[in-house]
Amino acid sequence: MTGKVIGLDIGKKRIGISMSDIMGMIAHPVETIAREPEKTAVEKITKLAKDNNVKIIVAGLPKNMNGTIGEQAQDCIEFANKFKNEYEVIFEDERLTSRQAENILVQTGRKYTKNKQLVDLKSACIILQQYLDRK
């Protein structure tokens, strides 16, 4: 696989965005954007994808611990499906990525408790890196 890939951590308030390098090997943080207004969020992600010649968007899917699709996961599916006409949308199981992100930030000495955007950004990187590692 070559070409950049976007990773999304879709939350109710914010969306963490990551992007791979051109070789599709390493996920890098891009930014965290507000989810509302949703039209603006979709436009920002679409512009980022077009500007970087992205063909694939990997969206985190927060399944329940038993593997079922709950309300939050359904919300992520509905948001990510807004990109299906222009991009290949792949859902990546993101159970426990927020906890992983928090642990990484603690280990690196970063304070995240008052800046949840850091967690969203790191989670987006973890989601995308999981996908890239499998490929």
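In this text the structure is predicted, and so the values were computed from the model without any measurement.
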Side-chain ([X]) to main-chain ([Y]) donor-acceptor, under 3.5 angstrom:
{"X": "T46", "Y": "V42", "result": "yes"}
{"X": "Q130", "Y": "D93", "result": "yes"}
{"X": "N66", "Y": "T68", "result": "yes"}
{"X": "D21", "Y": "G24", "result": "yes"}

**Asked** Do you reckon L121 sits in the same ILVMFWY cluster as L128, going by side-chain contacts under 4.5 Å, direct or chained?
**Response**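 No, separate clusters.
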Any Lys/Arg nitrogen of [X] or [Y] sitting under 4.0 Å from an Asp/Glu carboxylate oxygen of the other?
{"X": "E43", "Y": "K39", "value": "yes"}
{"X": "R35", "Y": "D120", "value": "no"}
{"X": "R134", "Y": "E92", "value": "yes"}

Say you draw a straight line from [atom1] of [X] to [atom2] of [Y]; how long is it, rounded to the nearest 0.5 Å?
{"X": "L48", "Y": "M19", "atom1": "CG", "atom2": "CE", "result": "3.5 Å"}
{"X": "I57", "Y": "I90", "atom1": "CD1", "atom2": "CD1", "result": "10.5 Å"}
{"X": "E31", "Y": "I17", "atom1": "CD", "atom2": "CD1", "result": "5.0 Å"}
{"X": "D133", "Y": "M25", "atom1": "CG", "atom2": "CE", "result": "9.5 Å"}
{"X": "F91", "Y": "N81", "atom1": "CZ", "atom2": "CG", "result": "4.5 Å"}

Taking the side chain as every heavy atom from C-beta outward, state whether [X] and [Y] have any pair of such atoms under 4.5 Å apart.
{"X": "I26", "Y": "Q129", "result": "yes"}
{"X": "K82", "Y": "E38", "result": "yes"}
{"X": "V58", "Y": "L8", "result": "no"}

**Item:** Candidate pair N53 and K55, rule side chain to side chain donor-acceptor pair (under 3.5 Å), full reasoning
**Value:** CA-CA 7 Å; N53 200 27; K55 304 282 187 251; 2.9 Å; yes
To check you understand the geometry: which heavy-atom pair defines the closest contact between [X] and [Y], and what is its length?
{"X": "C125", "Y": "A27", "result": "O-CB, 3.6 Å"}
{"X": "G60", "Y": "C76", "result": "O-CB, 3.9 Å"}
{"X": "I15", "Y": "A41", "result": "CD1-CB, 4.1 Å"}
{"X": "S18", "Y": "A124", "result": "OG-O, 2.8 Å"}

**Request:** Step through the shown structure and confirm whether more than 12 heavy atoms of other residues, nucleotides or ligands are within 6.0 Å of CD on Q72.
**Result:**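 Open.
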**Asked** Does CD in E71 sit with more than 12 non-hydrogen atoms of other residues, nucleotides or ligands closer than 6.0 Å?
**Response**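 Not more than 12 within 6.0 Å, no.
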**Derivation of the side chain to side chain contact (heavy atoms under 4.5 Å, CB included) call for I126 and D9** = CA-CA 9 Å; I126 293 168; D9 178 36; over 6 Å; no
**Message:** The test is side chain to side chain contact (heavy atoms under 4.5 Å, CB included); show your working for L61 and I77 and say whether it passes.
**Reply:** CA-CA 7 Å; L61 188 62; I77 290 168; 3.5 Å; yes
**Asked** Under the side chain to side chain contact (heavy atoms under 4.5 Å, CB included) criterion, do F79 and I45 qualify, and how do the steps go?
**Response** CA-CA 11 Å; F79 182 84; I45 294 166; 4.0 Å; yes
**Request:** Check the pair I6 / Y87 against side chain to side chain contact (heavy atoms under 4.5 Å, CB included), numbers first and verdict last.
**Result:** CA-CA 10 Å; I6 284 180; Y87 305 97; over 6 Å; no
